[in-house]
Participant: 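Quick one: the structure is below, questions incoming.
Note that this is a predicted model, so its numbers are computed, not measured. When a ligand or atom number is given, it counts from 1 through the structure's own listing order. Starting from 1, each residue takes its place in the sequence as its number.
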Amino acid sequence: MVMPTPAKILWPALRRKLAAWYAGAKRDLPWRRTTDPYAIALSEIMLQQTQVVTVIPYYERWLKLFPTWSSLAEAKEHDVIKAWEGLGYYRRARNLHALAKAVMGRSGEMPRTELELLALPGIGPYTAAAIGSIAFGLPLAVLDGNVMRVLTRLLALPDDIARPQTRAKLQRIANEFLETRDPSTHNQAIMELGATVCLPRKPMCLICPLSDACRGHDRAEEFPVKSRVAAVKREEVVAIIAHGPSYYGEQVPEGKLWQGLWRFPDFDPSRMVTLEPLAVIRYGITKYAVTMQAVRARWKGRPPVSGRYLTLEQMQALAFAAPHRKLALLLLRRERG
Ligand code: SF4
């Protein structure tokens, strides 16, 4: 296959078309009505790995709970995690909390250079480019899944986007495409195009502002090319141990997956006796496809002091890891008939 060269693309014309399209087609999203770097950083961190429709109510509630960097920096970790509950990837909540403390360590001001942004906790190249361009007008091109899809289709790029070399190449192309006079609008426009027109399946090429120049539009779904790694299957058994109206739960210690969140304990035959199977829940996490079996059990001796018995109402007030929260809801439904 002959590789298309980005140099043959007329970037200035495409920039103008993209900007004109965005002016008329952009969605009215709450973070587009603000220039507050805190709110912009919050939205960008929430939007990593999470859909816009899911993020909107969390974003609005969060700003009521923690309206400023200082209110977030002063919040207890438990309250921060609880406010994030349900969004998944809790590391983002901890990073945001650490970011608020770091910003308060700079008198509440975010830095305005790419290097300094990258030095802050939880800020990677994408987030630095998004915050830098949208909040401060820095000429930094964003490269997320939406942008990669648009660019690989536009250029019919056959390179595997799972490879770091391809990411670097796409970053160079995104930099070349960037409208440096208004990087905020340009970045938001290309992400919007990927999110609403250049969809993973059935892209709407007929209404796309870039269709005249697009080299991949007749086989758009072939792009981006990404080598797949099969999910590793994993099985786990968790124990539901009741004591009157309460259930034994434990908080995950630091350094482990779901640290700080609550969960039901793993079934341990040396310390527990199984009574009956209860439910099977399947979920995916990173590269794992997990089948979680819940069994009703009891302790052989005294329960360990690392956890405690919680009523279902108390559980609702705590931040539970998503699959365990599903189990708690299941118990609640059964209890209430
Ligand atoms: Fe995507 Fe189609 Fe637009 Fe090309 S023409 S960028 S494939 S929506």
Participant: Mark yes or no: Arg91 above the aromatic ring of Tyr89, with NZ or CZ under 6.0 Å from the six-membered ring centre and no more than 45 degrees from the axis.
Facilitator: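 Not flagged: Arg91 not positioned over aromatic ring of Tyr89.
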Participant: Under 3.5 Å, is there a donor-acceptor pair linking the side chains of Tyr126 and Glu44?
Facilitator: yes
Participant: Are the charged groups of Asp266 and Arg263 less than 4.0 angstrom apart, N to O?
Facilitator: yes
Participant: Salt bridge or not for Lys233 and Glu235, using N-O below 4.0 Å?
Facilitator: no
Participant: Quick test of your reading of the model: are Arg149 and Glu221 salt-bridged, counting only N-O distances below 4.0 Å?
Facilitator: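 Glu221 and Arg149: not salt-bridged.
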Participant: Sorted by first residue and then second, give each ring-ring contact (aromatic ring centres under 6.0 Å, His included) pair with at least one member in residues 161-196; sequence neighbours left out.
Facilitator: Trp11-Phe177, Phe177-His186
Participant: I want to verify a count. Protein N, O or S atoms less than 2.8 Å away from atom 1 (Fe) of ligand 1, how many are there?
Facilitator: 1
